[in-house]
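We use all heavy atoms of the structure for the numbers below, so side chains are in, but hydrogens, waters and symmetry mates are not.
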Amino acid sequence: MNIWNVVSLMGGLAMFIFGMNLMSDGLKLVAGSYLKKILEKLTQNRIIAMMVGAGLTALIQSSNAMCVMVVGFVNAGMMELERSVGILMGAKIGTTITGQLIAFNISQIAPVIAFVGVAITMFFKKPKVKNVGQIIASLGILFIGLGEMSKAMGPLAGQDWFQNILKQFSNPILGVLVGIIFTVIIQSASASVGVLQMMAVSGVMGFHQAFFIMLGMNIGASVAPALASLSGRKDAKRVALIVILFESIGMLLFMVASSIFPALLDWIASTSPDNPSRQIANANTIFNLVTVIVLLPCSNYLVRMAQWIIRGKDKKEAAELHFIDESGYQSGTVLIGQIDQEVGRMCGLVRNNLESSTKAYFAEKVLSNEAFDENESTVDFLNKEITATLIRTSEMGLSAKEAMHVGNLYHIVTDLERIGDHAENMLGYANQLKENKKKFSGKALKELKALCDSVYRIYDLACDYFVEPDKELYTVIYDLEADIDDMVEKMRNSNIKRLAKMKCEANQGLFYSEILVDLERVADHCLNIAQAAKKYAMR
């Protein structure tokens, strides 16, 4: 073992991890836009949820990514804690597909696979075809890295000092700890198990030693969702805890079983006696499959245990992000879902202020001035923070449809903030009228109430359309905005006549005219919101 072996080992490991990450990114680009819909609709039954989790994780080749995505969905309130357990368990089965793929050891033809993938990305312009090329190229890079690692580790098998170190791993507890530490560093259970497989192929490590390290690697994989949940809601932290509980209980189960029945490890090794890499891949699959079979019926108890350990309810400040957290930055699909939830929260705050500012003219107290100011401050905060998040989101790998949605969200957030500003203007006029002990005439108030009701309606419809675009609903919004323009024009004419006949004072007429401008602009912004959502829906 010389310095060049070390360099070759490091280079092979770098290529392997890079290939895995690149493949995962490519697969998420191909399937990412569908993940949210699948997870939302097919997770009612825990067995189906487990199958969905296994299938999606096998598709995107990363249990870490899937678990972090689930943390993000739960943090955004898009998925209930109870529904997440089946997906989390399925993800642990799905991630073992990577090890089974590695066990085929196609390193000799890996350069050809990489060349084909790169050629596709260079000569095809369609994004979907380029993504497929990226997946193929990354698969080739992955196996080239594995081949380099296998060659570099070969000389270690004959080194006495290295064998003395490996003898220490015969202690199951030490083996588990090494597996945990190694996976925490690499941040991928699939990559860690892949390295373990190459060590077995090179003759560096025996199956019994590798088995306990593999158990630790599965626990180490739970660190990523745990870190992603730190800044999230309590349910997001509970999701991460469930992953840790699942892996830890499974590890204890196999540690006890292997000590009581020593022949268990020999039986697992016998599933592929001539292929050390396949032995470890099979052991990883069996471990996760058996753990799921044992714990899936007890999933409700895992939820209760997580709720018992992490107690209480979330206490969030108003001027604080409630749904966006670090888990979202692992996946564009998750982050966009979290942003949508924050925008929905912004819609509610603006709606409260809009209603409060207009009903002040009818002596109706919806919010105190302090509550109104707090809402307005929160809206300004959300506008700033969501915009900053959108900038970061646009730098992530997004599908064409997701990229368009992100672009449209810039406009939607801006329109909501502007509506909040118009509400603030209208409340200011109402307070001035009250200070001057003035009010509008009965007819003017009657017309104003009709206009306000129409503005409430178009605002609510625009927010509904943002959540679930519908062709007929857009037509209603478009027509209603035109009706509001007509109403405003007639009310302006009526106001001018009242001023001409001296039926109201100049200041009252001026305030009335300004209110009409604000309400008309609110309707315009509502139509803008619907138009932005329409562009996304038509893709």
Side-chain angles (χ1 to χ4, degrees), residues 28 31-41 43 68-80 83-84 228 231-233 235-236 239 314 316 320-352 378-379 381-417 419-420 459-470 473-474 477 525-526 528-539:
K28 281 189 280 187
S33 58
Y34 303 102
L35 292 178
K36 178 173 172 284
K37 293 179 181 178
I38 294 171
L39 290 172
E40 284 179 340
K41 294 181 179 180
T43 55
V68 171
M69 286 175 70
V70 172
V71 169
F73 284 135
V74 171
N75 188 64
M78 298 157 63
M79 182 185 294
E80 296 174 358
R83 290 173 59 187
S84 70
S231 61
R233 298 162 66 189
D235 270 352
V239 170
D314 293 291
K316 293 279 189 179
E320 175 178 11
L321 293 172
H322 288 189
F323 303 106
I324 297 172
D325 70 347
E326 285 302 314
S327 65
Y329 292 101
Q330 307 298 315
S331 163
T333 303
V334 176
L335 189 55
I336 289 171
Q338 292 182 340
I339 294 169
D340 283 344
Q341 294 295 100
E342 292 287 4
V343 173
R345 177 180 162 221
M346 194 174 175
C347 285
L349 294 169
V350 172
R351 177 64 165 83
N352 288 341
T378 304
V379 167
F381 168 82
L382 289 174
N383 176 45
K384 179 182 175 182
E385 292 298 320
I386 292 172
T387 300
T389 305
L390 288 170
I391 292 171
R392 288 184 65 180
T393 308
S394 62
E395 297 169 354
M396 301 172 68
L398 303 175
S399 67
K401 189 171 183 179
E402 288 173 334
M404 172 166 274
H405 186 49
V406 167
N408 292 334
L409 282 170
Y410 281 109
H411 302 294
I412 291 171
V413 169
T414 300
D415 282 310
L416 287 171
E417 195 272 335
I419 293 172
Y459 181 87
D460 292 339
L461 292 176
C463 291
D464 290 343
Y465 189 82
F466 162 70
V467 175
E468 193 170 346
D470 176 82
L473 183 56
Y474 177 79
I477 294 169
H525 289 302
C526 291
N528 291 344
I529 291 170
Q531 286 174 336
K534 182 184 179 184
K535 290 178 185 177
Y536 175 65
M538 290 175 64
R539 289 288 293 182

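- The CD1 atom of Ile419 lies 11.0 Å from the OG1 atom of Thr414; values are rounded to the nearest 0.5 Å.
- Atom-to-atom distance recorded for His405:NE2 and Leu390:CG is 9.0 Å, nearest 0.5 angstrom.
- Among residues two or more places apart in sequence or in another chain, the salt bridge (Lys or Arg N to Asp or Glu O under 4.0 Å) test is passed with Asp464 by none.
- Judged as a salt bridge (Lys or Arg N to Asp or Glu O under 4.0 Å), and not counting sequence neighbours, Glu385 has no contacts.
- Note that CG of Asn352 is 11.5 Å distant from SG of Cys347, once rounded to the nearest 0.5 Å.
- For the atom pair CZ of Phe323 and CD1 of Ile386, the computed distance is 10.5 Å after rounding to the nearest 0.5 Å.
- Here the side chains of Gln531 and His411 are not in contact, with every heavy-atom distance at 4.5 Å or above.
- A side-chain contact (heavy atoms from CB on, under 4.5 Å) with Glu342 is found for one member of Val413, Ile324, Thr389 and no other, namely Ile324.
- Within the model, atoms CG of Asp415 and NE2 of His525 stand 6.0 Å from one another, a figure rounded to the nearest 0.5 Å.
- A heavy-atom distance below 4.5 Å is found between the side chains of Arg345 and Leu382.
- Side-chain atoms of Cys463 and Val350, non-hydrogen and from C-beta on, never get closer than 4.5 Å to each other.
- Screening Leu461, Asn408, Leu409, Leu416 against Phe466 for a side-chain contact (heavy atoms from CB on, under 4.5 Å) leaves a single residue, Leu409.
- When atom types are taken as modelled, the side chain of Tyr465 and the backbone of Ile529 share no donor-acceptor pair closer than 3.5 angstrom.
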